[in-house]
Amino acid sequence: MNILDEVMELVKKNAQNLIRSKAGSLVVILGPLLIIFLAGLAFDNSNVYAVKVGIYRPDNASVTARFTEQLKDQFKVQEFASELECIDAVRNTDTAVCMRFAENFSIGVPTKNQVTFYIDYSRINLVWAVRKAMSEKVDEASLQASENLTSNLLGVIEFTKKEVQKERDALIRLTTQNELVNKNTQDLLAELGDIDLSVETEFSLDNVTSAGTQVKQWADSSLELGERSLNKAAQFMGAANDVLKSSGASSQAKDSLLASLQANLKEMDKLKADMVQMRNLTKDAFARFDAQMSALTLGIVSTKAKLDEADTSRQLSIRVIESVRLLLDQSLLSVFELQKSLNDIDNKISSIEITDANAIAQPIVTNIKPVVQEKTYLNYLFPILIVLVIMFTGLLITPTLILLDKKSPASFRTYMTPVRDISYVIANFITAFLILVVQTAIVLAIVSAFFSISVQSLPFTLVLLILVCSFFTLLGMIVGYVFESEETATLAGVSIGALFLFVSDVIIPLESMPEMFAYIASFNPYVLGSSLIRRAMIFNSPLSSMLQDTAILFGYVFAFAFIAMGVFLLTKRYSLQELAKALAPVWDKVHLPHRKK
Amino acid sequence: MDDALAEHLRLTAANGLSQGEVKQLLLAAGWTSAHVAGYLEKAFKKLDKGIVIRIQGVAKSFGTKSVLSQVDMDIKSGELFGLIGMSGTGKTTLLNIIAGFIKPDAGDVQVAVADGTAQSVVRNPDIVKSRIGFSTQTPSFYPRLTVRENLEHFARLYGLEYLDLSRRCNALLELVGLTAAREVVASHLSGGMQKRLDIACALIHDPAILILDEPTADIDPVLRKQLWELIRQINSKGTTILLASHFLAEIELLCNRIAILQNGKVIEQGTADELRNLYSKQYELYLQLSSHDYKRILEDLQRAKKYWSKASVENDELVVQTPYPEGMLAFLSSHVRRGDVQSLHLARPTLGKVFETLVNRK
């Protein structure tokens, strides 16, 4: 008998056994129906919000009343008279959430704008959904208030901007003027600096008087000297006249000369008279000069005093102007600073790109749109659910089938036959695999009746389902081979299933796990299977993007097929021994040491 | 390579290749004549004439508990061999070792296969299994399949072709008396019918040896007798039967030879008479009086004490053990009032008595 015949015969026998077992048939047919029905009920979101939520409003503010009315659209709202009652209702699971508004609730007013949720986290599934929905309502109102506040704020900013721009021009003018004043001040300082009001210190009235006196003396002396000269000249003229008269010069010549001499003498007398007159005049003039000099001296002294005073004033003015200039400099610097600040303010205000209050209040608008449009959550969950069904069916029914066969008295006889070990393993695999396939087909048929399944991805989805069914069948077989009682095998199956679930993204997203853990979890066959089926069924991902994960899944199947065969061979002897014991009740009386369980 | 080939040929030989064919193959494979001769002697070794199972030095322990130690036994072709022993003496373990379910810690079980050569259960359990049918204490068949389906299923697993399969199934159904119930689901059968179906399943591949482990346990006396008859029928068709039971009467009634197992060892084996003769040459004389007055006879017996070993009243019956049955009969006849004897019979000790004696001695 060849392997194929052996396998077919064993599978046929397994199928007959299963079909004729009412419980077995029910499990095979009704199991997936029940699971999908329960899953459908559990994940149908049509009545997610038909839950009761508690509200406590310390006062009957219109805002809170509006919130409450909004919530009534989605929830059964129960109002409580006190916060404690509201919280107790959550504790007693009468309500899913208690929502408490702050006293004198007012939007935008710190401490009065708080909404507190009291949540029972042990009702994790419901709580998140309800909290999310309620938060959305609160956020909606909060957003509206925020928009109003932001709009006001933006108005003020716009006004400020205009004022800044306006005042910036005035400031520029002020700066220019300031600079001009500064320059003028500098010029003034230069001018003032250039003014020399110093008086010769050598000037002395005595010296002037002395000089005048000396001039007078010199004039007197000159006049005296002139007189003497004239007198001398007159003496010389008389002498000349005498000489001339005594001279043998012609009378004519003598007469002419004498005439000239007489004329000169006359002239000289006139000069002498002029000189006297001049002397007198000089004297008068000097007298006037002295008087003028005295007056001048007084004037000079007075002027000098005034100049000194002016110089003192000038120097004071310079100091004052310098201090003014300093102040002007400082003022200018301040003006510059102010200008800079205004520029900055203007720039900053100008740099605000988003000036829409709605956009500022809600800078990021989250539009949660499904990648594909579906009516309920069930479609999104379907890949997870189908793999979940396959996993638990594989881990629970397969070991049960194996153990039923292994512990069946009939299997003793089967072992007596010359059937190859590999035939047993293949037959076990095919039987359990067929059950899984039937169950998966039932689930798929139900699902396809209600939801659209992409025909395009169907062939690859089927390949993936076959791989997933194969893997969990093999894993279930290993559990069945290792354990000797249905109870322990069931426990092991559930434990392994739970392990796969916990190390997956069903409960906690992979991204929120520790990096190493997430890395390990990404190789979890359950994660691989559900992820691939999701990508294939929902997203219609290209085949090339799924090849790597598919190869890993195929590798698992291949490896676990060998492991299953190895475990079967390793445990066969012990299983036979246990079976032999079961088939010979008197064996118990031998008091053999049983293997520790 | 040579060893692998040799092993393959040996297995092939056990499946039907003649010694000459194997010799040709080995020579063609380049073996030397001497090497081939040595191999053939080893591979085609035969058990002594008439022996179908040879158990040699078999020992088995589970943990620190020794269940079997140095068990040696030969079972002859066509005989109905009984294995008796108290519960827990290792009967089932020994049967499972013979069937190849459990590997012995030491020793081996050689089984004569189709060509008469001996095959080790330890080394070639699959070959030996095809020669053995095993009916366990608890029937082993699929309760949800019908009688026919069960037989056909196992027949196919043994590789029977359709015609052989049909013929064999019908013959077995006839043999075990289940023809009328062939389409009945096995779980709906009565206890006796289930046992017969189990035996039929064990015989489906026409084994040379049938092992029956406690075949009549939990079965009422009527069905038990039917099964005994069936066992005799099977044995009469040439099937060697190894029957393990703790019903000594059953063993005594059915078996040609008996082995007594005690504490994992065969303490004695032989025919029922041989066992009786070996350990008890006394007869038992049973006398029941209508007067129920055994006191006077017991007093009289005290005077002939050297002619009996035990005298007692058990269940309103005087039981006297004596090696001199004729003399004791005469003695009692002379001491019983006429008309007082309700019953009187002489018997060899039952196997139960022998077994009890042996076990107590050991």
Side-chain angles (χ1 to χ4, degrees), chain A residues 1-25 404-405 407-421 423-424 427 572-596, chain B residues 15 61-65 67 86-93 95-96 99-103 125-127 129-130 132-146 149-150 152-161 185-187 198 201-202 204-205 207 211 213-214 217-218 244 246:
Chain A
M1 195 178 192
N2 59 42
I3 288 181
L4 188 64
D5 290 341
E6 285 176 0
V7 170
M8 290 308 292
E9 181 59 30
L10 289 169
V11 171
K12 182 183 155 195
K13 174 265 298 177
N14 288 341
Q16 282 176 325
N17 265 324
L18 199 69
I19 289 164
R20 289 179 191 175
S21 161
K22 286 173 187 170
S25 303
L404 280 175
D405 191 51
K407 294 179 82 67
S408 161
S411 64
F412 184 83
R413 186 158 310 292
T414 308
Y415 285 127
M416 279 294 289
T417 63
V419 173
R420 298 164 185 86
D421 289 335
S423 299
Y424 287 117
K572 182 184 168 187
R573 180 66 57 185
Y574 181 78
S575 299
L576 282 174
Q577 193 173 301
E578 290 294 305
L579 188 63
K581 279 185 196 178
L583 294 175
V586 288
W587 188 302
D588 292 337
K589 297 171 189 169
V590 182
H591 305 300
L592 294 176
H594 286 265
R595 193 170 71 162
K596 285 179 184 173
Chain B
N15 280 323
S61 297
F62 292 105
T64 54
K65 170 79 177 176
V67 180
M86 291 198 298
S87 295
T89 52
K91 296 192 298 290
T92 302
T93 303
L95 295 185
N96 282 313
F101 287 119
I102 298 174
K103 269 191 177 178
D126 289 338
I127 295 171
K129 278 199 292 187
S130 65
I132 295 174
F134 198 149
S135 173
T136 51
Q137 189 174 340
T138 304
S140 51
F141 49 73
Y142 292 101
R144 292 195 189 95
L145 303 189
T146 64
E149 283 167 346
N150 265 299
E152 287 179 356
H153 170 66
F154 291 115
R156 284 195 196 95
L157 292 186
Y158 276 109
L160 267 67
E161 296 301 329
V185 174
S187 60
D198 189 54
C201 288
I204 191 69
H205 57 300
I211 297 174
D213 187 12
E214 305 283 356
D218 305 325
H246 61 278

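Quantities reported herein were computed from a predicted structural model and do not represent experimental measurements. So that the names make sense, note that chain A is the first sequence line, chain B the second, and so on, each numbered from 1. Only heavy atoms go into these numbers, but all of them, side chains included; no hydrogens, no water, no symmetry mates.
- Residues B:Glu149 and A:Arg20 are paired through a salt bridge, judged by an N-O separation under 4.0 Å between the basic side chain and the carboxylate.
- Note that the CG atom of B:Leu157 and the OH atom of A:Tyr415 stand 12.5 Å from one another [nearest 0.5 Å].
- Closest heavy-atom contact between A:Asn17 and B:Arg144: O-CD, 3.3 Å.
- Of all heavy-atom pairs spanning A:Met416 and B:Ile132, the tightest one is CE-O, 3.4 Å.
- A donor-acceptor pair shorter than 3.5 Å can be found between the side chains of A:Thr414 and B:Tyr142.
- With rounding to the nearest 0.5 angstrom, the NE2 atom of B:His153 is 9.5 Å from the NZ atom of A:Lys12.
- Scored by the side-chain hydrogen bond (donor to acceptor under 3.5 Å, both in side chains) test, A:Thr417 finds no partners at all (sequence neighbours excluded).
- B:Leu145 has its side chain within reach of A:Lys13: a pair of non-hydrogen atoms, C-beta onward, lies under 4.5 Å apart.
- Among B:His205, B:Lys103, B:Glu161, the residue with the largest count of heavy-atom pairs under 4.5 Å with chain A is B:Lys103.
- In this structure, the side-chain contact (heavy atoms from CB on, under 4.5 Å) partners of B:Ser61, at least two apart in sequence or on a different chain, are B:Ser66, B:Asp105.
- If you measure heavy-atom distances from B:Asp198 to chain A, the contacts under 4.5 Å come from both the backbone and the side chain.
- For A:Lys572, no part lies near chain B; criterion is any non-hydrogen pair under 4.5 Å.
- Residue B:Ala202 comes nearest to A:Arg413 through the heavy atom pair CA-NH1, 3.3 Å, listed as atom of the first residue, atom of the second, then distance.
- Using a 4.5 Å cut-off between heavy atoms, B:Ser187 does not touch chain A at all.
- Between the CD atom of A:Glu9 and the OH atom of B:Tyr158 there is a distance of 13.5 Å, given to the nearest 0.5 Å.
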